[in-house]
Amino acid sequence: MSVSALSRAPSSRRVLLIALSTLLIALVLGMEQLAPLFRALFPDQDPAMYQRESFLNLTLAHLALVLVSSLISVSVGVAAGLFVTRPAGREFEPLVSTLAAIGQTFPPAAVLAIVVPVAGFGFVPTLVALVLYGLLPVVQNTVAGLGTVPAQTLEAARGNGMSAWQILWRIELPLAMRVIIAGVRVSVIINIGTATIGSTVGAKTLGTPIIAGLVGNNLPYVIQGAVLVGLLAIVTDLAFERLEQRFSFGASGAAS
Amino acid sequence: MIELQGLTKRYGDTRVVDDISLTVEQGEFCVLIGPSGCGKSTTLKMINRLIAHSEGKILVGGDDITTLPPERLRRRIGYAIQSIGLFPHWRVADNIATVPRLLKWPSSRIAARVDELLALFQLDADGLHDKYPHQLSGGQAQRVGVARALAADPDVLLMDEPFGAVDPLTRDTLQAELARVHRQTGKTIVFVTHDMDEALRLASRVALLNAGQLVQYDRPAELLVAPANDFVRDFIGRADLGLKLLSRRRVEEYCRPAQRTRNNAIASAPITWQVDADDRPMALLGGRLGESDIARTVVNPEWIATPEMSMKEALSRMVWFRVTALPVLDNEGRLLGEVTMSGVMGHRS
Amino acid sequence: MSVSHVPTSDAASPRLVANRVLVTLLCAGLLAAWLLPFATMSPNRLASGQTVGLGEALSAWQLSAFLALWAVLAIAALRRPLPRGLAHGVVLLASLGLLLITLYSLGDYAQRTLVERSPSARVSQGSAFWVMVFCCALAAIDAFQRASSGWLLRLGYMLIAGGSVAMLFASGHFDELSIMREYTNIRDKFADQFITHLVLVGSALGPALLIGIPLGLLAHRHVRLQGTLFSVLNFFQTIPSIALFALLIAPLSALGNAFPLLGEWGVKGIGAVPAIIALVMYALLPVVRNTYAGLKGVPPATVEAARGMGMTARQVLWRVEIPLALPVMLSGLRIVTVQAIGLTVVAALIGAGGLGAFIFQGLGQYAIDLVLLGAIPTIVLAVIADFTLQMLVVLSKPASTRR
């Protein structure tokens with residue numbers, strides 16, 4: 001993002017984050033209170049509120065799916081990124097990077113669909129698809145982030161007598177952290193979206209009311225699900241933006 | 001003390017360092033110099049095992065370096081490179097504390113050592129302690145780099161073109177400071193550069209390398225007056241050999257007793273200094289280029305010399321201010337003696 | 001200087017294996033062939049079938065060719081006797097051969113088996129088949145990277161490989177496979193939805209470029225706009241696709257109801273219009289960002305020189321800034337094209353059609369072949385678009401900097 005956006009950002013972005021998260025929580029807990037509004041807007045729709053499941057449950061299920069898949073993606077992805085940047089695995093680096101790049105051209109919805117024949121319907125295939133897809137940005141950014149650590153810094157670390165582990169933990173990972181977190185951010189945001197589509201293969205998520213509304217031609221359902229999942233994504237993105245800024249050190253942080 | 005014995009580095013069939021043997025005595029300031037690709041950096045990095053040598057032996061303080069784990073060895077040897085080598089996510093104090101922390105010093109001792117080094121490099125002002133590397137000027141960052149290398153009080157300091165990335169003015173200051181620190185601490189320093197003036201200014205011994213081989217290893221003055229071959233002569237630069245030599249000489253070597261007087265009467269000597277009651281020079285009687293011998297010239301505060309000043313600089317001031325002599329002053333500004341044009345000519349190393 | 005110097009004696013014995021990546025792929029392929037089903041056979045479209053291993057599915061000559069090519073690849077992975085350059089060539093040829101043998105064998109197996117069975121029986125590809133195809137592709141990609149070959153060679157190889165596979169399909173060799181039978185059933189619909197998919201992508205890209213490029217120029221000229229512009233566009237990009245599609249339904253249907261004329265033009269809650277609008281909103285960020293980044297990357301000295309030689313602002317823009325920014329702008333186009341192809345799948349959920357229709361229809365009926373008929377072409381389409389636009393990016397760079 002641009003320099004001016006960053007320099008101006010912190011305070012107003014923080015207010016935005018707090019306001020939107022409050023709105024999200026309020027809507028998740030109190031969507032029922034809006035029933036009169038929906039009834040007024042859509043007088044023809046008989047149940048104007050999605051009631052098969054509470055929005056709190058749907059949100060928690062959605063979050064659980066994203067959280068579990070992201071935890072797996074991040075641990076496997078960072079480990080893979082570390083492996084291909086160590087001497088032992090460096091030979092695999094070009095292939096893994098290409099794979100991560102090509103893999104991201106695959107549409108998430110298509111990946112989700114392809115997992116179904118292998119893993120069946122429900123929570124598991126969605127989780128598998130989310131993990132597979134979420135891996136790619138994490139691997140890519142881990143490799144890229146570690147690549148941004150200047151060779152001179154590494155040489156200085158070795159010259160000062162740090163062991164390979166010490167260099168990794170004290171120098172490389174902290175310096176690569178901002179880029180790695182940016183990868184996790186992309187991965188999580190995509191996964192929030194893909195999890196929504198996961199309701200088409202039977203996973204219980206915030207996409208469930210949307211699909212139910214589309215199938216049953218019930219616009220209020222669609223809006224209730226879409227607003228929540230949209231807010232969830234935006235709030236998550238803003239939170240990651242703040243997290244990323246914590247790990248920007250000097251010029252390297254402001255430049256990108 | 002560092003000893004290289006038949007040191008060789010091969011990459012495939014090419015020998016980038018070819019059978020180099022030399023000894024750097026305790027407290028010596030050894031500069032490795034040569035054209036790019038001559039193997040000087042490789043030689044330096046083999047001393048702390050950043051690069052493994054192919055043949056030969058390296059002894060540091062009498063121990064063969066291959067008998068120690070590389071990390072242990074490196075914590076015993078200071079290492080400074082261009083300023084970008086500072087860890088950007090650590091504050092100045094953390095950067096300096098790198099090796100003491102690796103050595104698990106108690107934190108009070110680390111803090112004391114950091115303060116000591118900040119003072120030694122005149123970095124103690126302006127709350128520099130808590131700044132991050134990107135907030136430093138080039139010269140400050142470079143000082144922090146050298147301070148970090150000295151943090152665990154190693155006997156040996158390796159420096160790889162440490163002043164390569166700073167502007168000429170800052171480099172000048174840094175060189176003076178390094179020379180002072182070297183005098184104060186008595187460390188053994190091995191220093192890589194491609195800048196002959198830097199080498200002549202700092203070195204107590206210069207090792208000139210070409211195509212992986214050691215061409216000449218000598219005191220700077222010897223290198224200037226007795227170059228081993230044409231390569232050495234060309235590398236030093238034939239045109240200003242004399243000036244280079246003078247840059248090695250300090251004013252105190254040329255300083256002669258001065259004639260002085262309290263009034264402005266012309267004395268018998270061709271150059272006489274008029275001094276005040278505190279022995280501070282006020283005017284030069286005679287000795288002005290192109291003027292008659294009886295001229296009286298008020299001493300300009302800029303055309304003076306100090307004992308530590310290089311003769312090259314003293315000569316330059318004489319030429320610039322068109323005088324044939326400069327007063328040599330001590331710390332309090334009192335007249336110690338004088339250096340003269342004819343004195344420069346008459347002296348031979 | 002490599003960071004990985006380990007202070008060991010230089011006389012360390014040379015490794016036996018020169019290409020550990022290839023060895024890993026070969027092991028994975030062999031393991032998959034041994035443990036996983038190569039194909040499945042079911043009595044009809046809906047019943048679950050029995051699995052068939054590689055040894056059972058391949059005829060004698062196919063199996064020997066398979067093993068021979070595998071052995072050739074294994075030898076190419078060793079340090080001796082092949083010199084490195086030759087080894088890369090051998091890997092490229094052998095992995096293509098292995099891919100074609102794998103594909104051919106599957107089709108051949110389906111033909112041989114179904115002759116003896118009832119016409120309703122179905123043969124599908126198994127997971128070992130997918131793993132082997134995947135490993136072949138990776139081996140070829142890895143060989144290209146090791147040989148650091150130019151883009152022309154890569155393009156040629158892709159065309160030959162794609163052409164051979166297309167010929168196998170065209171010859172009817174795969175017609176007995178379950179997925180191809182499914183395709184025959186929906187052939188006309190498939191063509192329609194495929195075209196719809198392309199039309200949706202195309203009609204989103206046009207407006208996205210028309211709006212995005214001027215916005216990028218504007219962001220470049222007026223620094224103060226950037227913050228707001230980029231955060232608004234980033235908001236669009238962040239909202240999950242299905243939510244954005246869905247959120248457009250209400251206002252558009254209201255609009256269509258309020259102005260019947262608009263409704264006649266297709267402006268209504270569901271269908272192509274909300275899909276295209278959402279796709280444009282998604283496409284804006286990459287277009288604007290890359291236009292801006294491309295212009296920002298033009299060296300100020302070059303612009304100054306152009307001005308100094310008396311070019312007008314317009315001439316500087318068209319003759320200097322845009323040509324120099326073109327590669328970055330084109331990679332923005334690449335990102336949005338690939339992204340739009342993927343998002344259009346989801347647009348099927350709001351009735352816009354496209355290949356996603358098969359996916360969701362197939363998921364609804366648990367007809368896996370139908371799902372794959374939607375998913376695989378989308379993936380192929382995205383990969384081809386990515387590759388083609390990458391080529392364009394390369395070509396748009398000054399010749400001296402191409403690689």
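In what follows, every chain begins at residue 1, and chains take the letters A, B, ... in the order their sequences are listed.
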Atom pair [atom1]/[atom2] of [X] and [Y] - distance to nearest 0.5 Å:
X	Y	atom1	atom2	value
A:Thr105	C:Gln339	OG1	CD	12.5 Å
A:Leu232	C:Thr238	CG	OG1	11.5 Å
C:Ile242	A:Leu214	CD1	CG	6.0 Å
A:Ile102	C:Ile141	CD1	CD1	4.0 Å

Neighbour count >12 (heavy atoms, 6.0 Å) for atom CZ, C:Phe134:
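No, the 6.0 Å shell around CZ holds no more than 12 heavy atoms from other groups.
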Give, as side chain, backbone, both or neither, the part of [X] having an atom under 4.5 angstrom from any heavy atom of chain C.
X	answer
A:Leu16	side chain
A:Ile210	side chain
A:Val227	both
A:Ile211	side chain
A:Ala88	backbone

Here's a test for you: under side chain to side chain contact (heavy atoms under 4.5 Å, CB included), which of C:Ile379, C:Ile368, C:Val371 qualifies with A:Ile114?
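Result for side chain to side chain contact (heavy atoms under 4.5 Å, CB included) with A:Ile114: C:Ile379.
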Contacting region of [X] [heavy-atom separation from chain A under 4.5 Å]:
X	answer
C:Val345	side chain
C:Ala18	backbone
C:Arg146	side chain
C:Phe236	neither

Quick one: of [options], who has the most non-hydrogen atom pairs under 4.5 Å with chain A?
options	result
C:Leu349, C:Asp142, C:Leu372	C:Leu349
C:Leu381, C:Leu343, C:Thr344, C:Leu138	C:Leu138
C:Leu363, C:Leu244, C:Val338	C:Leu363

Which one wins on heavy-atom pair count under 4.5 Å against chain C: [options]?
options	result
A:Ala113, A:Gly89, A:Pro94	A:Pro94
A:Leu112, A:Val229, A:Ile234, A:Leu231	A:Ile234
A:Val116, A:Leu238, A:Val215	A:Val116

Taking the side chain as C-beta and beyond, is there a heavy-atom pair between [X] and [Y] under 4.5 Å?
X	Y	answer
A:Arg13	C:Ser231	yes
C:Asn19	A:Glu91	yes
A:Phe92	C:Thr24	yes
C:Ile341	A:Phe106	no

Nearest non-hydrogen partners of [X] and [Y], listed with the distance:
X	Y	answer
A:Pro107	C:Ala382	CD-CB, 4.3 Å
A:Ala226	C:Ala246	CB-CB, 4.0 Å
C:Ser241	A:Ile197	OG-CD1, 4.3 Å
A:Leu95	C:Leu25	CD2-CD1, 4.5 Å

